[in-house]
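So you know, we letter chains A, B, ... as the sequences are listed, proteins then strands, and number each from 1. Only this structure's heavy atoms are used, side chains among them; waters, hydrogens and symmetry mates stay out.
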Protein chains: 2
Amino acid sequence: MKKITKYVIKNSLKRIFLYRACLVRLKMMGVEKVFSYTLANETGVTSDQVRKDFSEFGIRGNKRGGYEIDELLGKMEKIFHRNKDHNIVLIGMGNLGLALSKYQRFVQRNMNIVATFDIDPFKQKIRSDIPVYSPDRMKEIIDRFRVRIAIIAVPEVSAQEVCDDLVRLGIKGIINFAPQLLKAPPEVIVNNVNLCDELESVIYYVHKQIKADGQKNIELLYRDMKY
Amino acid sequence: MKKITKYVIKNSLKRIFLYRACLVRLKMMGVEKVFSYTLANETGVTSDQVRKDFSEFGIRGNKRGGYEIDELLGKMEKIFHRNKDHNIVLIGMGNLGLALSKYQRFVQRNMNIVATFDIDPFKQKIRSDIPVYSPDRMKEIIDRFRVRIAIIAVPEVSAQEVCDDLVRLGIKGIINFAPQLLKAPPEVIVNNVNLCDELESVIYYVHKQIKADGQKNIELLYRDMKY
DNA sequence: ATTATAATGTGAAGAAAATCACAAAATATG
DNA sequence: CATATTTTGTGATTTTCTTCACATTATAAT
């Protein structure tokens, strides 16, 4: 059945990403070893949390010796299947799609956008490293490159249709930038990234923060009044 | 102290975004009322969860009558401070920055990018609805438009520097697209959006899914063998 | 008007996640 | 080599989040 797959990235996984980013930076700085509290300080979590997370993902260090950065990064590569290449297709070459197609960091992490698609024949003439095809060639390309992951960057109205097509063609994971909750079979992973929501949540927390600060000031005021 | 502020969007808040997207769609379809289970079905959560979330955010409906969509959306507007306009600056007019500056949906949600900045004098000549300034005019613009929220879309290497500048100029909330964990004072909200991580987590869950499916098939096999 | 029904709202229970706390192990020191 | 120190890894505890279950209330039916 086609349904909403409630998909939320686990917080522990998000923290693993944090740790990795941090490790990459430390490595570049010439550091070779870290302790749980090093990572903790750098990422804003507790050292217990770091160790619990490592334990969850089967990462072990040396008692008293901490963790070898190279070894850690190697383990993480495995967790994220970075050892093999991942062929990806991108649908929708609007502003965002174009930007994503040029995003060099995907390649650096073994995620290769092998082709992009757009219904607009004008867009199909964009000259770039990655070819822009008409959607009717999707099956051919997906089969040829054994693509299992897709990026949706089409307008809201066509997102669900594109998603249905992709699922039919054997795509197993989708990252969706259209502000439209996609319905897909439960075995297909759909990560809905909503840029507006991300920005709005910043506004939400800023306001909350400001309110909390106000409250704290009032409390301070009351405290002062006692004396 | 300048430190990593561990900032994670609460899952309940993310669900509120889901509900809202869903409500907007239902409203467009002419629906006026919803029940907790309507939203639950549409968003892939349980109806209890919907009611608990509403309760957390102080949203109340009518027993037996469900919720008026208009009223719900009104309450949500208040939660996200959509009643007032939010002036935003964007720093970095590379591929992603340019795409974000053209993203119409921000405006539709009362989030106005009033100015963008780039050190590249060539970029400053981009002609678009939103002006591209040299970074040395940041103070002027931020003050004039009372900007409190910023979008960082600069390369990794300059992200922290830009962040420091923004904080100094009174910015209270940042959404950061550079793949670099930003250090900021704890009272400043920083939402790090890492596109690679988002895509990689899809790959992670796809592989997990495939592994789980394999396991299920093995289990089925064993079950069959009993007969 | 009375009864039946269907939905909310929320304490209680259960599950999951984070923190605590300490034994075990590895390294350093004398 | 023995002892002290430091850090890991993980059960136990606490906290947070989710689900359950049902009293309460609004609407519908008779």
Side-chain angles (χ1 to χ4, degrees), chain A residues 4-19 22-23 26 31-76 79 201 205 208 212, chain B residues 4-19 22-23 26 31-76 79 201 205 208 212:
Chain A
I4 292 283
T5 335
K6 203 192 108 191
Y7 161 90
V8 181
I9 302 173
K10 252 185 142 189
N11 285 340
S12 54
L13 184 64
K14 279 195 209 156
R15 286 192 301 264
I16 295 285
F17 281 119
L18 286 190
Y19 305 148
C22 187
L23 288 167
L26 289 172
V31 184
E32 287 177 2
K33 258 194 202 171
V34 285
F35 302 117
S36 57
Y37 58 81
T38 324
L39 284 172
N41 283 336
E42 290 292 313
T43 54
V45 303
T46 66
S47 57
D48 306 297
Q49 186 77 82
V50 174
R51 296 203 300 280
K52 258 274 148 74
D53 288 337
F54 281 5
S55 162
E56 183 186 335
F57 285 90
I59 294 172
R60 307 183 66 85
N62 314 343
K63 285 203 165 84
R64 172 111 202 213
Y67 308 84
E68 296 278 348
I69 289 187
D70 278 330
E71 210 183 306
L72 269 183
L73 285 173
K75 292 241 176 92
M76 289 181 182
I79 290 171
S201 68
Y205 280 113
K208 203 168 154 176
Chain B
I4 292 282
T5 337
K6 203 192 106 190
Y7 161 91
V8 180
I9 302 174
K10 250 184 142 190
N11 284 340
S12 56
L13 184 64
K14 279 195 209 156
R15 287 192 300 263
I16 295 284
F17 280 119
L18 286 191
Y19 306 148
C22 187
L23 288 167
L26 289 172
V31 184
E32 287 176 1
K33 257 193 202 170
V34 286
F35 303 117
S36 57
Y37 58 81
T38 323
L39 284 172
N41 283 336
E42 290 292 313
T43 55
V45 302
T46 66
S47 57
D48 306 296
Q49 186 76 84
V50 173
R51 296 202 302 280
K52 259 276 147 72
D53 289 337
F54 280 5
S55 162
E56 183 185 335
F57 286 89
I59 294 171
R60 306 183 67 85
N62 313 341
K63 286 209 164 78
R64 172 107 202 219
Y67 307 83
E68 296 278 347
I69 288 186
D70 278 329
E71 211 182 305
L72 270 183
L73 285 172
K75 292 242 177 90
M76 289 180 180
I79 290 172
S201 68
Y205 280 113
K208 202 168 156 178

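- Residue R64(A) places a side-chain atom within donor-acceptor reach of the base of dT27(C), judged by atom type and a 3.5 Å distance cut-off alone.
- OP1 or OP2 of dT10(C) lies within a sub-4.0 Å distance of a side-chain N or O belonging to R60(B).
- Near DNA chain C, defined here as any heavy-atom distance below 4.0 Å, there are no residues from residues 65-75 of chain A.
- Judged as a side chain to side chain contact (heavy atoms under 4.5 Å, CB included), and not counting sequence neighbours, E32(B) has no contacts.
- Under 4.0 Å is where a charged nitrogen must lie from a carboxylate oxygen, and between E71(B) and R60(B) no such pair does.
- The side chain of S36(A) places an N or O atom within less than 4.0 Å of a non-bridging phosphate oxygen (OP1 or OP2) of dT8(D).
- Across every non-hydrogen atom of K33(A) and I69(A), the tightest pair is N-CG1, 4.1 Å.
- Within 4.0 Å (heavy atoms only), F54(B) reaches no atom of the nucleic acid at all.
- Residue E42(B) holds its CD atom at 11.5 Å from CG of L18(B), rounded to the nearest 0.5 Å.
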Letter per nucleotide, 5' to 3', of nucleotides 16-24 of chain D [B base touched, S only sugar-phosphate touched, - untouched; heavy atoms, 4.0 Å]: -SSBBB--B
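- Residues passing the salt bridge (charged side-chain N to carboxylate O under 4.0 Å, His left out) test with K63(B), sequence neighbours excluded: none.
- Here dA7(C) presents its P atom at 12 Å from CG of N41(B), a figure rounded to the nearest Å.
- Per the geometry, CG belonging to N62(A) stands 15 Å off C1' belonging to dA28(C), to the nearest Å.
- A pairwise comparison of heavy atoms in L13(A) and Y205(B) identifies CD2-CE1, 3.8 Å as the closest pair.
- Out of dA7(C), dT5(D), dT8(D), the shortest distance to the side chain of F35(B) is found at dA7(C).
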Run the side-chain donor-acceptor check on residues 44-53 of chain B: report pairs under 3.5 Å with partners two or more places apart or on a different chain.
| from | atom 1 | to | atom 2 | distance (Å) |
| --- | --- | --- | --- | --- |
| T46(B) | OG1 | Q49(B) | N | 3.2 |
| D48(B) | OD1 | R51(B) | NH2 | 3.4 |
| R51(B) | NH1 | S36(B) | OG | 3.2 |
| D53(B) | OD1 | R15(B) | NH2 | 2.8 |
| D53(B) | OD2 | R15(B) | NE | 2.6 |
| D53(B) | OD2 | R15(B) | NH2 | 3.4 |
| D53(B) | OD2 | Y19(B) | OH | 2.7 |

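- Among pairs with a residue in residues 56-76 of chain B, those fulfilling ring pair (Phe, Tyr, Trp, His ring centres under 6.0 Å) read F54(B)-Y67(B), at least two apart in sequence or across chains.
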